[in-house]
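Working notes, beginning with the structure itself.
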Amino acid sequence: MKVTRCLITAFFLAVRGADEVIALKAARIFDGKSNAPVQNGVVIVQGDKIVDAGSNLPIPSSARVIDLGDGTLCPGFMDAHTHLTSDFSGDYNQHRLKEVDLNVSEQAIIATSHALATVEAGFTTVRDLGSRFVGSHEFVDVALRNSINKGVIIGPRMLVATKGIGSTGGHFDPTSGFRDFLFGREADYTDGIADGPDEIRKAVRFEVKNGADVIKAAVSGGVLSLADEVDTPQLTPAEMAALVDESHRLRKRVAVHCHGDDAAHEAIEAGVDSIEHGSFMKPETLTLMKKKGTFLTPTLMATEWIMGKLENYPPALQAKAKAAAAARSDMFRNAVKMGVRISFGTDAAVYPHGQNAKEFKLMVDLGMKPIDALKSATANDAELLGIAQKVGTLEKGKLADVIAVPGDPAADITATERVSFVMKEGKVIRQGPPAVQKIKNTASPNFAAPAD
Ligand SMILES: [Zn+2]
């Protein structure tokens with residue numbers, strides 16, 4: 001009898017919890033799509049959804065009020081380019097050693113702290129563009145996404161790319177730079193390495209079979225890889241056409257890592273959904289992007305971090321980083337001026353997780369209006385990720401991903417780096433100091449905790 005009563009009480013508490021109305025209040029609100037924040041922001045939340053959002057809304061008498069004072073309510077930020085399962089922000093060679101030294105289970109456990117740091121920084125959604133551990137077939141990004149979705153761990157909503165797809169010896173080949181056959185075989189489609197249109201299709205199918213939400217491919221060389229030049233094309237037009245066709249048939253979007261101009265031009269022609277990095281893109285290529293509606297994810301944080309810590313990288317990589325950094329600022333300024341669609345993405349893992357919001361100031365310093373930078377991380381990313389019907393703006397019926405920053409981010413974009421409140425799907429994840437700081441303070445010296 002007692003047990004029954006307890007169960008009934010628990011049931012009603014659960015029902016009441018689901019029905020509880022929360023009213024979030026702050027001095028301002030930015031809804032993710034308007035051209036300026038408005039005063040006296042209110043977001044009414046019930047269960048996991050937004051019931052209403054706007055300026056000076058009446059607050060239901062039954063609502064629990066959370067007053068966020070002189071801040072701005074914003075949609076949860078999104079980062080369209082992360083790698084939550086890695087952290088290669090320190091010494092490059094030490095990281096390579098660690099990758100073959102630590103077992104993948106341990107790396108997966110460390111990744112849970114990256115997920116926590118990211119959501120506590122106000123990023124309630126990420127598109128995670130590649131997760132690989134040399135010599136392993138584990139899908140750590142899929143496991144992380146699923147564990148977050150099931151409530152086992154706390155982190156952002158993740159759309160994952162699994163391994164990413166690239167050519168033999170290209171930017172994504174996990175065996176590049178190691179002695180030949182050190183791992184007993186050449187990398188193949190099960191590692192995301194594929195040559196020729198048919199193998200590319202097989203790799204896409206293999207990744208979707210294993211849980212990919214989005215397809216990522218490397219179509220040009222990269223900075224942090226040892227056996228390639230940064231701007232050479234690494235897939236042929238026929239391979240790119242197969243990549244896009246197969247992915248779109250399976251209703252998956254395609255994001256391509258690309259620094260070089262020729263490869264970018266070919267990839268845009270092939271119909272990719274976003275160009276990641278795009279460092280060397282010329283104005284003619286940006287014109288084509290604008291015409292086709294292709295998104296640019298500039299990842300300014302990645303080059304910024306590497307250029308600030310050049311001594312951490314081998315000389316060949318330093319030279320590639322310098323070349324990309326020298327080109328990317330003009331490319332980004334041109335893209336902004338020409339009205340290319342810009343998605344917010346940072347390449348988190350190149351720098352320590354949780355510092356994603358520093359990208360905003362870099363964008364604004366290179367000519368983007370603060371309000372447009374804010375839109376890139378909200379409405380634009382939601383559109384690129386194909387989830388705009390659920391998140392990205394503060395509107396009736398959307399999932400209640402709501403954050404608060406102090407002051408007015410349209411007046412001081414660095415306010416985005418001081419997120420004070422995070423709600424994801426109606427649940428308060430953070431109000432006050434982040435929990436990840438507590439983890440960091442008690443961590444052992446070789447624990448790859450986020451640092452700032
Ligand atoms: Zn990346």
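Both counts, for ligands and for their atoms, begin at 1 and track the order of listing.
More than 12 heavy atoms of other residues, nucleotides or ligands sit less than 6.0 Å from atom CG of Leu68.
With salt bridges taken as basic N to acidic carboxylate O contacts below 4.0 Å, none links Arg157 and Asp213. Using a 4.0 Å cut-off between charged nitrogen and carboxylate oxygen, Asp365 and Lys361 count as a salt-bridge pair. Salt bridge status for Arg333 with Asp330: present, with a side-chain N to carboxylate O gap under 4.0 Å. Here Glu304 pairs with Arg328 in a salt bridge; the nearest charged N to carboxylate O distance falls below 4.0 Å.
Around the Zn ion (ligand 1), protein N, O or S atoms at a distance under 2.8 Å total 3; waters are neither shown nor counted.
The aromatic ring centres of Phe183 and Phe178 sit less than 6.0 Å apart.
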